[in-house]
Amino acid sequence: MLKAYNRFFINGSWQEPAGRELLEVINPATEKAFATISLGTAEDVDQAARAARAAFDAWSRSSVEERIEVIRNIIAGIKARAGELATAISDEMGAPMRLSSTAQVGSGIGHFQSIIPILENYQFEEDRGASLVVKEPAGVCGFITPWNWPLNQISCKVAPALAAGCTMVLKPSEIAPVSGYLLAEIIAESGLPAGVFNLVNGDGPTVGAAISSHPEIDVVSFTGSTRAGREVARNAADGIKRVTQELGGKSANIILDDAPDFARAVSGGVIGCFGNSGQSCNAPTRMLVPASRMAEAAEIARAAAAKAAVGDPKEDGTRLGPVVSELQFNKIQGLIEKGIAEGAELVVGGPGRPEGLNAGYYVKPTVFANVSNDMTIAREEIFGPVLCIIGYKDDEDAVSIANDTEYGLSGYVSGEPSHAGEIARRLRTGNVHINGAGPDFAAPFGGYKKSGNGREWGVEGFEEFLETKAIMRVA
């Protein structure tokens, strides 16, 4: 029997949707439905947005202490239901349970935890000459979030918005909506006043469009594809809304000749590319190595890929689960075939499912070597476990290749620290990781170029939900 997550959380209570259309949620490991959600309508969004508007005045004037108490209650709720959340994420988008329990759920907790010291220490007022500069809540927010890191991407919007004093309407991805529904249940028990947080499930063309165009919504924060981001911006344009977007990526991983451990840097790059089955917008999918060491790098990558065990997300030894859907699987297969047709050297992997996996959207961990940066697989975001290794002549060539992309979300450099730091400063990306450094909740996250605008995480992410007011006074 399918689990039913068919109500919406609006104005502090669980309500029946305006429409009656249901959508089955598919487990990508089995290709079978395990749950249903209701597909919302513009009427549902209107009801939620009006509830958020009615709640804004009181919540925007709440104290820092009140907001922190609610956030602490949400953290406690996530921790108490961490196992349930991890299972939901694994079922809805295929993450192995180890990844789901640690990185997926852990990142959700991390965003709520990291916003507390920011809120405690933030200066909302500043005397500047004869004037007072005040930071105030930006208003009602509309959040449209993706399926690949579902709890992470919801939390990194909801946590700072609540802390800033904003109210909100959330539409999680209809592909992976269950973890968002469970978070809404947690928020419902947190002591948050009615109307501050509202959840409406549905698809992008209906609910997403209604959120981004609704006259009562002041700020739209979207995470997803660059194509969909354009539609969100168009829908928001008539309302002159503030729009922040975290979009696609094709991140370069430059391994310098003076990397302290070349083999470790290459194998770490393979693991980083294949993490979350390659379904991360900041994945290091273009590995740049000295052209003279291409064969060496390819052999190291082959060995690393062989250790990337693909299989049932519920089994302990699984490193890569399935990709999220049949649509995604077919897209990845087409791009792998395109790489072969365009002359890239297939080192390992290739088209089709891994041996023994005849059901589920499983992709072979795939490495291409001797890729040129004008090939389709080096230009397009594949969003699967597919790595392109590209050779470079010198530092100038490496920087040129890395920046030769329409994206600019993240970058990676391995090398002698000062040398790597010099290269990092030249990359046109919003983030750069040096010598295997991991993510940092206190640092801003976001991209240049077609990877988006605005920032999430850290103080910069918090400030996206604030407006600036200047109060001029007579001296």
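The residues of the chain are indexed from 1 along the displayed sequence.
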Taking atom types as modelled and ignoring hydrogens, do the side chains of [X] and [Y] form a donor-acceptor contact shorter than 3.5 angstrom?
X    : Y    : value
S221 : T244 : yes
Q47  : Q15  : yes
E84  : T87  : no
N148 : Q153 : no
E92  : S179 : yes
W149 : S280 : yes

Give the minimum heavy-atom separation between [X] and [Y], together with the two atoms involved.
X    : Y    : result
L85  : L183 : CD2-N, 4.5 Å
M472 : S131 : CG-OG, 3.4 Å
A88  : L182 : CB-CD1, 3.9 Å

Less than 4.5 Å apart, any side-chain heavy atom of [X] and any of [Y]?
X    : Y    : result
T36  : V25  : no
S90  : M97  : yes
F143 : V158 : yes
L151 : S155 : yes
V134 : F124 : no
I186 : I78  : yes
V323 : F383 : no
I175 : M93  : no

With a sphere of 6.0 Å drawn around [atom1] of [X], does it hold more than 12 non-hydrogen atoms of other residues, nucleotides or ligands?
X    : atom1 : value
R81  : CZ    : yes
D316 : CG    : no
R227 : CZ    : no
K32  : NZ    : no
R379 : CZ    : yes
E126 : CD    : yes
E43  : CD    : no

Does a side-chain N-to-carboxylate-O contact under 4.0 Å join [X] and [Y]?
X    : Y    : answer
E406 : K449 : no
E125 : K135 : no
K3   : D91  : no
E31  : R353 : yes
D127 : R473 : yes
E69  : R72  : no

### Task
Could you name each residue pair satisfying side-chain hydrogen bond (donor to acceptor under 3.5 Å, both in side chains) that touches residues 186-204, not counting sequence neighbours?
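Pairs touching residues 186-204 that pass the test: D203-T206.
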### Query
Could you give all pairs that pass the ring-ring contact (aromatic ring centres under 6.0 Å, His included) test and reach residues 170-201, with sequence neighbours left out?
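Of all non-adjacent pairs touching residues 170-201, those that pass ring-ring contact (aromatic ring centres under 6.0 Å, His included) are Y5-Y181, W14-Y181.
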### Task
If the plane angle is over 60° it's perpendicular, under 30° parallel, otherwise tilted; pick one for F445 and W457.
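Ring orientation of F445 relative to W457: parallel.
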### Task
Sorted by first residue and then second, give each salt bridge (charged side-chain N to carboxylate O under 4.0 Å, His left out) pair with at least one member in residues 237-247; sequence neighbours left out.
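Checked against salt bridge (charged side-chain N to carboxylate O under 4.0 Å, His left out) - neighbours excluded - the pairs reaching residues 237-247 are R242-E467.
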### Message
Quick one, E66 with S63, criterion side chain to side chain donor-acceptor pair (under 3.5 Å). Give me CA distance, side-chain angles, the key distance, then yes/no.
### Response
CA-CA 5 Å; E66 288 175 287; S63 68; 3.2 Å; yes
### Query
Backbone N or O of E16 within a donor-acceptor pair of the R7 side chain at under 3.5 Å?
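Looks like no, no N/O pair under 3.5 Å.
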